[in-house]
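As the structure is a prediction and not an experimental result, all values here were calculated from the model.
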Amino acid sequence: MPYTTHEIHRIEEKWQKIWREKKIFSAAMDSNKKKYYVLEMFPYPSGKIHMGHVRNYTIADVIARFRMMQGRNVLHPMGYDAFGQPAENAAIKHKTGPAKWTYGCIDQMRAELKRMGFSYDWDRELATCDPEYYRWNQWIFLKMYERGLAYKKASPVNWCESCQTTLANEEVVNDACWRCKAPVVQKNLEQWYLKITHYAEPLLEDLKKLANWPSRVVAMQENWIGKSHGVNIFFFWKKTGERITVFTTRADTIFGATYVVLAPEHPLVDKMIAGTPGEKEIRVFIEKVTNESKSLRVTGDKKKEGIFTGQYAVNPVNGEEIPIWIADYVLMEYGTGAIMAVPTHDQRDFLFAKEHKLPMRIVIQDHPNSNAKVSDLKEAYEGQGVLVNSKQFDGTDNESAKTKIAQWMTQNKMGEVTAHWRLRDWLISRQRYWGTPIPIIYCPKCGAVPVPEKDLPVELPSNIQITGKGGSPLAQCEEFVNTNCPNCNGKAKRETDTMATFFDSSWYYLRFCSPRNDRKIFDEKEVNYWMPVDQYIGGIEHAILHLLYSRFFMKFFKDLGLVNFDEPFARLLTQGMVLKDGEVMSKSRGNTVDPDEIIGRYGADPLRLCILFAAPPEDQLEWSNGAVDGSWKFLNRIWNLAEQRFAPVEDNISAADSDQEDKDLERERNAAIKKVTEDISEGYKFNTAVSTLMILMNAADKYKVVTGNTAKQALLNRAIRTVIVLLAPFTPHICEELWEKTGGNEKSVMNVSWPSFDARALERDSVQVVAQINGKLRGKFQVASGSSEEEVREIVLADARIQEFISGKPVKRFIYIADKVANIVI
RNA sequence: GGGCGAGUGGCGGAAUCGGCAGACGCGCAGGACUUAGGAUCCUGUCCCGAAAGGGGUAGAGGUUCAACUCCUCUCUCGCCCACCA
């Protein structure tokens with residue numbers, strides 16, 4: 001039978017059925033076996049898988065199958081991140097319900113995933129929209145609520161007009177909604193938050209443990225958490241003596257502070273200006289600034305605007321009275337909402353001071369003897385130097401002055417060492433239907449009351465009309481809203497907001513460990529056996545969002561005493577995007593390639609191979625149909641090799657009888673085992689692993705067997721079967737079929753142990769040494785491997801051509817790198 | 001403005017504890033064969049040159065017997081952060 005599309009499809013279906021029936025991939029805890037947990041970021045069930053999914057899951061599948069063949073107890077589950085807005089939009093568009101729509105999509109998606117032949121334990125499949133899943137979201141919420149880590153507060157929030165809902169800071173990208181790209185505006189709303197900032201320190205600190213994460217992702221998280229060390233300095237308002245705390249990372253410049261600037265929203269502002277002559281003008285200014293969108297206000301190149309309050313602050317270090325200003329460039333959300341301005345050593349302050357003719361004083365000289373004057377300054381000096389005009393600190397270099405001044409201020413209660421964080425608490429309320437109901441009941445008498453654990457799950461009502469127009473859809477459903485207070489049993493109303501879907505995905509990897517447990521969120525024994533995830537794989541777009549939230553949840557579970565570790569993902573691989581014509585594949589661009597269509601035309605194996613061979617997993621991958629042709633051809637050649645050249649004979653080769661061709665083939669075979677093993681386990685270099693297998697196949701193809709020479713035939717058989725076994729994680733269907741055809745005696749090639757290589761077979765009798773003259777290639781010599789420098793020197797210098805190049809000049813040096821290069825310096 | 005990463009044939013990409021640049025594949029060119037198949041097989045394929053040889057890994061320098069690999073500067077592209085005090 002030739003390897004035709006029809007045959008490919010037959011083989012793929014055949015083996016998928018066998019894997020399913022024999023439960024090859026079902027995982028069970030076994031404390032005698034070393035576990036390996038492979039996980040890819042589970043998909044949103046849009047219905048169809050795209051090339052990005054195919055790439056992500058194929059990479060994971062190779063790893064899972066490879067580890068399985070190496071004898072590890074592999075857990076490789078799959079599920080669906082099934083809540084979220086697209087289902088609501090689809091429900092409106094197709095006049096159906098989000099649940100019906102979503103489950104339909106899941107069915108379609110599962111079928112497509114199965115056609116790819118991925119090694120999932122399908123018995124562990126889960127969907128976050130299942131009440132048996134999201135009840136545990138509610139449970140987690142209640143546990144956080146008990147510990148004060150879930151709380152409600154009114155504050156300005158990000159609001160997406162198009163989605164008609166609030167967004168977390170992490171979901172706002174360039175002042176636009178991360179999902180729909182519509183502009184985000186600020187609204188004042190009362191919303192639920194999770195206190196992720198409680199874990200700011202460990203979230204930052206434990207990044208150090210993530211040595212096997214891409215450094216880029218670690219850097220992004222570090223940036224996002226944004227710890228900055230500095231000092232809170234206690235200025236005070238001259239008129240009343242009230243404290244104005246200012247945060248600075250530049251305590252060394254404290255003697256150069258010539259004014260203080262407050263954010264327009266600063267709580268003291270109102271009191272300071274009330275009844276002053278400038279009050280009206282200042283209020284107009286504040287009004288103007290606070291109405292500006294955050295993006296406009298926070299643009300770097302915009303001119304800084306400000307206004308004098310008429311009030312003065314006292315600098316605690318020298319008692320100096322300096323003016324208090326209000327300016328748009330000071331943000332209430334960061335630091336203390338108040339800064340001390342040092343125009344000589346901060347460029348923003350410099351420009352502001354010039355504009356408003358505010359005083360300046362130099363306190364750092366870049367050189368002890370240089371005497372720059374304020375009038376000479378064209379810009380602020382932000383570099384290193386020595387302190388001047390700073391009383392007892394004069395002459396101190398500014399770096400050590402930071403610590404010294406901070407200590408001195410702390411001792412004299414003028415300030416305190418502190419740190420500020422960029423990380424904000426996580427806003428999780430969403431005014432949407434298709435999400436987990438927040439398990440809170442509002443009672444007129446008792447206030448906000450958590451739903452008792454025994455009443456979980458608070459189920460989503462199914463009879464809801466989704467309109468997409470303003471407000472929480474759940475609020476319209478009276479039978480959902482109206483309930484009784486768990487405390488006093490009086491009439492009460494339910495919270496009608498649902499949870500952000502990132503809540504759901506922050507812990508699903510734990511649920512996979514015991515997905516059917518209906519008494520507990522997860523079985524601690526199972527979780528402590530399988531976790532952490534040994535290899536996690538997904539897109540870089542989750543570098544902050546999902547990965548940070550998951551780390552936060554893990555630390556919370558550790559604090560609850562449920563788990564004995566606190567980082568969920570030991571290794572992280574961020575796969576590159578799949579491009580078409582240089583652009584990311586997307587429906588809106590109309591440049592998508594449907595994986596299902598490629599499977600139909602070529603089969604799953606050629607698709608898998610092509611995507612693995614085309615680029616290293618972390619790089620972008622430019623899709624080309626030609627590349628699938630290439631993969632198809634390669635599989636076809638292997639097919640023909642196994643079908644036409646394999647012949648069953650007894651494998652009784654004695655090394656003593658082997659000739660040079662035999663040794664060469666055995667060397668290629670062992671070299672391939674070594675290289676493929678290394679490529680998969682050290683850095684997932686699938687592209688070079690595949691090319692190594694191509695080399696071995698080419699070598700086997702060229703190897704000649706005289707009919708009846710059973711020793712040679714056995715050697716060829718060995719090479720063929722090695723290709724099949726090594727290739728099995730990449731293209732499992734064809735390898736199963738060929739393994740069976742070539743007399744494989746296991747029920748599946750997946751049960752074959754991953755081969756090891758024989759180092760002796762890699763040795764060569766002779767090696768090629770390159771001869772260079774002054775670094776230029778001048779000749780190649782076969783020499784016995786392990787030859788000494790003297791031997792090689794003799795051979796090389798005896799060569800007529802080499803002598804011609806030397807042309808009588810004296811040989812200054814002779815450098816020999818064993819078995820590689822000889823360089824003659826003349 | 002700050003940080004990180006990258007730049008190699010017509011294309012995807014190999015090679016980086018410094019040691020033959022372009023593995024492997026796609027494409028292209030020439031040929032063989034044919035049970036016309038999605039054929040298959042063989043040969044060639046960085047540039048200039050008839051050859052000898054010369055040039056060549058974004059550009060310019062440097063270190064070295066030897067540099068895609070290390071150092072300095074510049075350019076280009078990608079990503080992240082950004083009035084962050």
*Asks:* Suppose you measure atom P in B:rG12 against the same atom in B:rA60; what distance do you get, rounded to whole Å?
*Replies:* 23 Å
*Asks:* Might you list the N or O atoms of the protein lying below 3.5 Å from N or O atoms in nucleotides 5-7 of chain B, with each pair's distance?
*Replies:*
none

*Asks:* Within the 3.5 Å criterion, strictly below it, is a donor on A:Asp425 or A:Thr197 matched to an acceptor on the partner's side chain?
*Replies:* yes
*Asks:* Can you tell me how far P in B:rG56 sits from the matching atom in B:rA66, rounded to whole Å?
*Replies:* 15 Å
*Asks:* Using a distance-only test with no angle check, is there a side-chain donor-acceptor pair under 3.5 angstrom linking A:Ser788 and A:Glu791?
*Replies:* yes
*Asks:* So, the side chain of A:Arg645 versus the backbone of A:Ile720: is there a donor-acceptor pair under 3.5 Å, distance only?
*Replies:* no
*Asks:* Could you work out which one of B:rC24, B:rA14, B:rA85 sits closest to the side chain of A:Thr688?
*Replies:* B:rA14
*Asks:* Using a heavy-atom cut-off of under 4.0 Å over every strand shown, decide if A:Phe352 touches base, sugar-phosphate, or nothing.
*Replies:* nothing
*Asks:* Roughly how far apart, to the nearest Å, are B:rU45 and B:rG22 at atom P?
*Replies:* 12 Å
*Asks:* Using a cut-off of strictly less than 4.0 Å, decide whether A:Lys776 has a side-chain nitrogen or oxygen near OP1 or OP2 of B:rG54.
*Replies:* no
*Asks:* Below 4.0 angstrom, N of the basic side chain to O of the carboxylate: do A:Asp701 and A:Arg637 qualify?
*Replies:* yes
*Asks:* Represent RNA chain B in dot-bracket notation, 5' to 3'. Only Watson-Crick or G-U wobble pairs with both distances under 3.5 Å count; pseudoknot-style crossings use [ ] and interstrand partners use |.
*Replies:* (((((((..(((......[....)))((((((.......))))))(((....)))..(((((..]....))))))))))))....
*Asks:* Write down the distance separating the C1' atoms in B:rG1 and B:rC47, rounded off to the nearest Å.
*Replies:* 42 Å
*Asks:* Roughly how many Å apart are B:rA58 and B:rG53, using the P atom of each and rounding to a whole number?
*Replies:* 27 Å
*Asks:* For RNA chain B, whose closest nucleotide is more 5', that of A:Ile695 or that of A:Glu622?
*Replies:* A:Glu622
